[in-house]
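Working notes for the structure below.
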Amino acid sequence: MAGIIKPMCIILITAVLAMAVAPRGEATIGCGSVVSYLNPCLPYVTNKGPLGSCCSGVKGLYGAAQTTPDRQSVCTCLKSLAGSYKDVDLNKAAGLPGQCGVNIPYKISPSTDCSKVN
């Protein structure tokens, strides 16, 4: 019995150490995914087209961002995108979630503090 306990303890300690060192809460949604989901919204937020199929992308992105790191990653991407496109109507961009029936816990704006998003 003692011959089994020692190897089991070593395995258990190794597993605990591996979990302690492993990165926690990494986002699985990158900016490329955010752009893919929201690409149909670009004509609308640049005043060059209707809302069209934008809401399906907004809802898809909302559904994909299930963890806090995912929501923070999406927020950071949206913040970056909102600040990088000079033709984006920030009021339309900020209003997209409500227009599409989605409630997000932050405003889409270049000034949003994404580290506070849960």
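Please read these numbers as outputs of a predicted model, since none were measured by experiment.
- In terms of heavy-atom proximity, Gly30 sits nearest to Ser73 at CA-OG, 4.4 Å.
- Residues satisfying the side chain to side chain donor-acceptor pair (under 3.5 Å) test with Ser84, not counting sequence neighbours, are none.
- To the nearest 0.5 Å, the span separating OG on Ser33 from CG on Leu38 amounts to 10.5 Å.
- Leu90 has its side chain within reach of Pro110: a pair of non-hydrogen atoms, C-beta onward, lies under 4.5 Å apart.
- Judged as a side chain to side chain contact (heavy atoms under 4.5 Å, CB included), and not counting sequence neighbours, the contacts of Cys114 are Cys75, Thr76, Lys79, Thr112.
- Applying the side chain to side chain contact (heavy atoms under 4.5 Å, CB included) rule to Leu51 yields the partners Tyr44, Cys54, Cys55, Leu96, Gln99; only residues at least two apart in sequence or on another chain are considered.
- Applying the side chain to side chain donor-acceptor pair (under 3.5 Å) rule to Thr67 yields the partners Asp70; only residues at least two apart in sequence or on another chain are considered.
- For Lys86, the salt bridge (charged side-chain N to carboxylate O under 4.0 Å, His left out) criterion is met by no residue, not counting sequence neighbours.
- Shown here are the side chain to side chain contact (heavy atoms under 4.5 Å, CB included) partners of Lys48, two or more places apart in sequence or in another chain: Thr46, Asp87.
- Minimum interatomic distance between Leu78 and Tyr106 (heavy atoms only, all atoms of both residues): CD1-OH, 3.6 Å.
- Here the closest non-hydrogen pair linking Asn47 and Lys92 is OD1-NZ, 2.8 Å.
- Distance check, rounded to the nearest 0.5 Å: CG of Leu81 to SG of Cys41 gives 11.0 Å.
- Of all heavy-atom pairs between Pro97 and Ile104, the closest is CG-CD1, 3.6 Å.
- In this structure, Ser53 contributes its side chain and Pro40 its backbone to no donor-acceptor pair below 3.5 Å.
- Summarising the geometry of Ser115 relative to Asp113, their closest heavy-atom pair is OG-OD1, 2.6 Å, with the distance given to 0.1 Å.
- Between the SG atom of Cys100 and the OH atom of Tyr62 there is a distance of 13.0 Å, given to the nearest 0.5 Å.
- Between Arg71 and Gln66, the shortest heavy-atom contact is NH1-O, 2.8 Å.
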